[in-house]
Undergrad: 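Shown below is the structure under consideration.
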Amino acid sequence: MGITEHNQNGLVYLTADSFEAAGGVVHAFSTRKGGVSKGTFATLNLGIRRGDDPNLVRENYRILCGALGLPLERIVCSNQVHGNEVRTVTRKDAGKGLFYPVDYETDGLVTNQADLPLAVFSADCIPILLYDPVSQSIGAVHAGWRGTALKIAALAVEKMGLEYGAASENILAAVGPGLSQCCFESDGDVPDAMERAYGAPVRRYIAKKGRKWYLDLKGINAHCLESAGVPAGHISVSEDCTRCHPEKYWSHRATGKDRGSMAAVISLKRKGI
Ligand SMILES: [Zn+2]
C-alpha cells in the first residue's frame, strides 16, 4: 500500500494507506502548505525552535489539529539531538513543546495512550511513524543519517515490544518525505557508518559517483525496520524528495538553516470514536 496526499482547504499533508485501512489511529506527514507563518517560515512551519513567532506556530498546529481532529493542547513534541533515545510518553508529557517546556532530549517517542499525539520534526531527515493495531501502540521517529546509523527505527520497534507487548510482525510503518538518494550526497564517512551498523547488505542503498556517495536513507531505514522484524509488506515509503520539491517541503539542503520544519504526527483514537 502507498502514501496518499490530501488537500484540505489548502492544507496539504500525506498519510499511509495501511494506517488508514487498519483504523484506530490518526496520523499525518505535513508539508509547508496551509499555514499562516510569514517570510522565511511561509507558511506551515511546525518547528518550535526555529525563530518563528510562537503564536503563528501554535496557529499552524491549530490548523493541522483541526483538520485531523487532534487535541492541540495534548501534543507531545520531540527534542531532537540526532541520538538513539526513544522516550516512553505518558499523560504527564501532554502539551510539552507547545505549552510546557520539553524536559528531555529524544529523537523517538512511543506510547499506548489514546489522545496523546506524538510529533517529530524534519526538513530532509527521515520521519517514521509506527503503529501496531494489535497492542494499540504507536511510535514517531526522527532519523537523520546519524540516527539511521544508530538504528533508531529498530530501537523504537523494540521499545514498543518491551513496553506494550507489540509484536514486530504486526507493526505498520510509514517512512515519510525526506532526502531521497538523488539529493543525499555525502563524503565517505556516512557510507562507512552505515556499513559498520548494517554490514554489507546496506551497500545496495549506496551509490558512488565521482568523489561523492549518494545514500538512499529511506531505503536504509526500511531495511532497519525489516531487520527488527517488521514485514516488508507493512512498510510504506514516500517517494517525495524534500530537496527536489522546496516549494512543497522544508529542505535544509535547499535553503540552509533559515527555514521551517515539517512535523510527522500520530495519535491513537479513543475507543468508540
Ligand atoms: Zn532529490
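Start at 1 and go down the list; that is how both ligands and their atoms are numbered. Throughout, numbering of the chain's residues begins at 1 and tracks the sequence.
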Undergrad: Kindly give the cluster partners of V81, where membership spreads through any ILVMFWY side chain lying under 4.5 Å from a current member.
TA: none
Undergrad: Have a look around the Zn ion (ligand 1) and list protein N/O/S atoms under 2.8 Å, or say none.
TA: C182 SG, C183 SG, C241 SG, C244 SG
Undergrad: Does D124 have any side-chain hydrogen bond (donor to acceptor under 3.5 Å, both in side chains) partners at least two apart in sequence or in another chain, and if so, which?
TA: T242, S251
Undergrad: ring-ring contact (aromatic ring centres under 6.0 Å, His included) between H27 and Y131: does it pass, once the steps are laid out?
TA: CA-CA 10 Å; H27 77 293; Y131 174 39; 8.6 Å; no
Undergrad: Minimum heavy-atom separation for L172 to P133, with atom names?
TA: CD1-CG, 4.2 Å
Undergrad: Can you give the donor-acceptor pairs under 3.5 Å from side chains of residues 62-70 to other protein atoms, not counting sequence neighbours?
TA:
| unit_1 | atom_1 | unit_2 | atom_2 | d |
| --- | --- | --- | --- | --- |
| R62 | NE | E59 | OE1 | 3.0 |
| R62 | NE | E59 | OE2 | 3.3 |
| R62 | NH2 | E59 | OE2 | 2.7 |

Undergrad: Do the charged groups of D103 and K96 touch, with an N to O distance under 4.0 Å?
TA: yes
